[in-house]
Amino acid sequence: MGYFVIDRSIGIAMIAALVIVTMLFILYTIRLNKAKNLQKKTVQDNEQWKEKFKTLEESYHSSLSSLNDLTGKYEELNKNKESMKKLAYTDYLTELPNRTAFTEMLDNVMLTLRSEETIALMDIDIDNFKNINDSLGHSYGDELLIDVTYRLKQVLDENDYLARIGGDEFIVLTQNLQDTLVFEDKIKKIKNVFSYPFILSTKEYFVTVSIGVALAPKDGKTSQTLIKNVDSAMYMAKENGKNTHAYFDYSFNQKLTEKIEIQSQLRKALERNEFVLYYQAQMNLETKKAVGYEALIRWNHPIRGIVYPDEFIYLAEETGLIVPIGIWVLRTACQQLKKWSEEYPGITMAVNLSARQFKDRDFVKQVYDVIEETGIDPKNLELEITETIALDDIDYTISTIQELRKIGVNFSLDDFGTGYSSMNYLKRLPVSNLKIDKSFLNTVMEDKSDQKIIQTIITLARNLDLFVIAEGVENFDQELFLMESNCDKAQGFLYSKPVPQELAVELLKSSDIRPAEIFRPE
Ligand code: C2E
Ligand code: CA
Ligand code: CA
C-alpha cells in the first residue's frame, strides 16, 4: 500500500514535539503579553511619576514662594516690632526717651557700676506747670515742654542722658561724675536756662524749676530706689519754696511718710468732727470796738491737740480735701454769724478761701447754698482771698466776685503787699477791703520805709474806695501809727488772739477794749 505508514513511536514523538512547540508558543505568547503589559504599565507608571513629579515641583515652588512671603512678613514684623519698641520707649511730644527707656538704661548702668564710680540723677520738675496748662491751654503747655527740652539739651553733654518721665518732669542721668563741684556747675547751668522768659501765645512767661538730686550708689543701689529717692529730693526742693534744688537725704522719706499719714488722718478728721473754728476780733480803730471777726480753723487732733492751719491747710489743698473742709468752715462761720447777728446786728464775719476752693466750679453755688441754709445777711459776710489767688486768673476772679456781690457778699484782699501788688490789677478787682500783711507791722516802728508802704497802701485804698484792715497789731505804738495813718480797722494780739466762740463773744459784750491777756488761751 502506497500510504505512508508512520511508525507509532515516531508518531508519538511528533505529537510530543507538536505539544512542546505549542506549549512553547503559548509560553512565548504569555511572556510577550506580560512583557507588553509590563511595558504598558511602565509607561503608565512613568506617566504617573511624571505627574507626581510635576505636583511635587509645583508644591516646591509654592513652598518657596510661601517661604519668601514669610520672610517678607517676618521682616515687616521685625520692623513693626522695632517701631513699636521705639514708640514704647520714646516720649511722643519731646521725642526724648521716656520713663521705661530711662529705667532700663539705669538698670543697665547699675548692673555694671564699678565700686569707685559715682553717678548722679537729677529730677527736674517745672514749678506751677498746671497753672500754665490751665490758663493757656494744653497746646501751650506742650509748647513749653518742647522749649524746655531744647534748652535742657543745650547745657547737657555726652555724659548726660536726658529723659522725660512724667507730665512736667524731666530726669538726667550723669555718668563719669568726677567731682561734685562740676556737678553743681551743671545744676547752675540748668537753672540759668530758665532765667530768660518763654514766649507762649505772644506773651512772656517766666518759668522756674525744682531740682532733686540723688547720687548712686550712696542713695540707692537699684534703679527703683534711686528714682524714688530722686523724686523725694525734688519734692523737698518744692517744699523749700520751689525754684531751688535739694540733695536726697534719708530723712526725706520719713517726712514724706509722715505727710501721707497726716493726709490720711485729715480725711477722717472731717467725719470725726475734729475741726474747730477760732475767731479773731477785728476792731474799728475809731470806736475801738469789735466790729467783726475772722474765722480761723484749728484741728483738734486726738493725740497732738490743737494743730494750726499752717501745718495742714496746704496738705488739704494738695489732696483737694480743702474743698469739703472749706465748705464746713463757711457753714460753721455763717451759723455763728447768724447767732451773733441776732444780738449784735451788723457784725461781720471774714472767712478765708483757699485757691482750690475759690476755683471750684461749684464755688458760687456753695456760697449761695450756705447763705440760704443759715439765713445770714450776705452783706455781713467777707470772703478773703490772697493776691496770688486773685491774680492767677483775673477774669475768672472778677466774674466770680461780681456774681457774689450781686447778693451783697464782700471780698477782701488778704496778705496785701506780699504778692504782686499790681496797681493795674487792683483797680479792676471788685473787692471791698485790703488787709495789710502783718509783715509790715512787725517792723513798722523801726523801719521808716515800712511806714511809708503802709501809708501808701492806705492812700491807695482810699482812692479806690476800699476799707483797710491792718493785721498783726501787737502793741499800742503800732495802733497809734495806724490811727494817725487813717487806717479803718485793726486785727491782732493787742486786742485778741483767735479764740473759741465762747471767749470771742466776751469781746462783743464789752463796750471797751478788753485787756489782751484775757484772750490768750492758745
Ligand atoms: P491769715 O488769713 O493771714 O490769718 C491771720 C493769721 O495771723 C492767723 O494765723 C492769726 O492767728 C495770725 N495773727 C493774727 N494776729 C496776729 C498778731 O498780732 N501777731 C501774729 N504774729 N500773728 C497774728 P493762723 O490762725 O495760724 O492762720 C494762718 C493762716 O492759715 C491764715 O493766715 C490763713 O491763710 C490760713 N487759714 C486759717 N484758717 C483758714 C481756713 O479756714 N481756710 C483756709 N483756706 N485757710 C485758713
Ligand atoms: Ca485771712
Ligand atoms: Ca492775712
Side-chain angles (χ1 to χ4, degrees), residues 266 269-270 274-283 290 292-300 306-334 336-337 348-360 363 366-367 370 381-390 410-419 421 431 433-445 457 468-479 482 489-500 504 507 516-517 519-522:
L266 264 180
L270 201 58
E274 289 171 2
F275 292 117
V276 272
L277 285 189
Y278 277 30
Y279 300 91
Q280 188 179 31
Q282 295 180 330
M283 312 300 289
Y293 285 87
E294 176 175 3
L296 294 155
I297 194 171
R298 304 288 181 260
W299 179 8
N300 198 354
I306 293 289
V307 182
Y308 287 84
D310 287 340
E311 268 191 71
F312 65 86
I313 288 288
Y314 76 99
L315 293 175
E317 177 96 33
E318 266 177 33
T319 50
L321 262 178
I322 194 70
V323 176
I325 293 176
I327 298 175
W328 177 85
V329 170
L330 186 67
R331 182 179 298 120
T332 313
C334 286
Q336 192 59 63
L337 174 64
T348 59
M349 180 67 79
V351 176
N352 292 284
L353 300 178
S354 78
R356 202 135 167 188
Q357 190 185 358
F358 183 65
K359 297 275 163 61
D360 194 279
F363 171 67
Q366 282 157 5
V367 179
V370 169
L381 179 63
E382 285 171 7
L383 298 178
E384 297 194 357
I385 51 169
T386 62
E387 275 180 289
T388 325
I389 301 175
N410 288 304
F411 275 79
S412 307
L413 212 49
D414 204 356
D415 303 345
F416 189 74
T418 56
S421 310
V431 295
N433 310 299
L434 280 195
K435 293 190 80 174
I436 303 178
D437 189 70
K438 56 181 172 294
S439 59
F440 297 108
L441 258 292
N442 287 342
T443 48
V444 75
M445 297 329 292
I457 295 176
V468 187
I469 307 173
E471 279 190 296
V473 183
E474 292 182 355
N475 58 55
F476 287 110
D477 290 341
Q478 292 169 339
E479 182 188 59
L482 291 168
K489 290 191 234 173
Q491 187 181 339
F493 294 173
L494 177 65
Y495 314 105
S496 166
K497 281 199 165 185
V499 287
L507 207 69
E517 290 72 36
F519 301 101
R520 285 187 179 165
E522 283 197 295

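For reference, positions follow the sequence shown, starting with 1. In each ligand, atom 1 is the first atom listed, and ligand 1 is the first ligand listed. This one's a predicted model, so the numbers in the text were calculated from it and none came from an experiment.
Only the side chain of E294 comes within contact range of ligand 1, with a heavy atom under 4.0 Å; no backbone atom does. Of the heavy atoms in V351, none comes closer than 4.0 Å to ligand 1. Neither the backbone nor the side chain of I325 has any atom closer than 4.0 Å to an atom of ligand 1 (non-hydrogen atoms only).
Remark: the backbone N or O of L315 is paired with a side-chain donor or acceptor of T319 at under 3.5 angstrom. At least one donor-acceptor pair under 3.5 Å links the side chain of N475 to the backbone N or O of Q478. When atom types are taken as modelled, the side chain of R356 and the backbone of E318 share a donor-acceptor pair closer than 3.5 angstrom. Of the possible polar contacts, none joining the E382 side chain to the T348 backbone as a donor-acceptor pair under 3.5 Å is found. The backbone N or O of Y308 sits nowhere less than 3.5 Å from a side-chain atom of E311 that would complete a donor-acceptor pair. Under a 3.5 Å cut-off, the side chain of Q357 and the backbone N or O of L353 do not form any donor-acceptor pair.
Per-residue contacts place G492 under 4.0 angstrom from the following atoms of ligand 1 (heavy atoms of the residue considered): 15 (N), 18 (O). Of all the atoms in ligand 1, the ones that sit under 4.0 Å from a non-hydrogen atom of D415 are 3 (O). Taking every non-hydrogen atom of P309 and a distance limit under 4.0 Å, the qualifying atoms of ligand 1 come out as 24 (P), 25 (O), 26 (O), 27 (O), 28 (C), 30 (O), 36 (N), 37 (C). Under a 4.0 Å criterion applied to the non-hydrogen atoms of S354, ligand 1 contributes the atoms 44 (N).
Heavy atoms of P498 approach ligand 1 to within less than 4.0 angstrom. Using 4.0 Å as the threshold, E317 has no heavy atom nearer than that to any atom of ligand 1. Note on ligand 1: R298 sits in its first shell, one or more heavy atoms being nearer than 4.0 Å.
Ligand 1 has a nitrogen or oxygen under 3.5 angstrom from a nitrogen or oxygen of F493. Distances between N or O atoms of Q280 and those of ligand 1 include at least one value under 3.5 Å. Polar contact check, N352 against ligand 1: a nitrogen or oxygen pair lies under 3.5 Å apart. Residue Q357 places no N or O, backbone or side chain, under 3.5 Å from any N or O of ligand 1. Considering both main-chain and side-chain atoms, Q491 never comes within under 3.5 Å of ligand 1 through any nitrogen or oxygen pair.
With a 4.5 Å cut-off on side-chain heavy atoms, R298 and L296 count as touching. Contact annotation: the side chain of F416 never approaches that of D437 to less than 4.5 Å [non-hydrogen atoms, C-beta and beyond].
Of the candidates E474, R356, E384, E471, E474 brings a heavy atom nearest to atom 21 (N) of ligand 1. Closest heavy-atom approach to atom 41 (O) of ligand 1 among the candidates V329, L330, L494, D437: V329. Closest heavy-atom approach to atom 12 (C) of ligand 1 within the set K497, K438, Q478, E311: this belongs to K438. Around atom 37 (C) of ligand 1, the closest heavy atom drawn from D414, T418, L296, I389 belongs to L296.
Checked by atom type, the side-chain pair Q280/Q491 shows a donor-acceptor distance below 3.5 Å.
Ring centers of F275 and F312: under 6.0 Å apart, within the cut-off.
Of all protein N, O or S atoms, those under 3.0 Å from the Ca ion (ligand 2) number 4.
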**Request:** Let me see the working for W299 and I306 under side chain to side chain contact (heavy atoms under 4.5 Å, CB included), right down to the final yes or no.
**Result:** CA-CA 6 Å; W299 179 8; I306 293 289; over 6 Å; no
**Request:** Decide side chain to side chain contact (heavy atoms under 4.5 Å, CB included) for I469 and L434; before the verdict, give the C-alpha distance in whole Å, the side-chain angles of both, and the deciding distance to 0.1 Å.
**Result:** CA-CA 6 Å; I469 307 173; L434 280 195; over 6 Å; no
**Prompt:** Would E384 and N433 count as a side chain to side chain contact (heavy atoms under 4.5 Å, CB included) if you check the C-alpha gap in whole Å, the side-chain angles of each, and the deciding distance to 0.1 Å?
**Reply:** CA-CA 9 Å; E384 297 194 357; N433 310 299; over 6 Å; no
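Listed by chain and number, the residues in a side chain to side chain contact (heavy atoms under 4.5 Å, CB included) with A490 are L285, V473, Y495 (sequence neighbours excluded).
With respect to the salt-bridge test (charged N to carboxylate O, under 4.0 angstrom), the residues K435 and E294 qualify.
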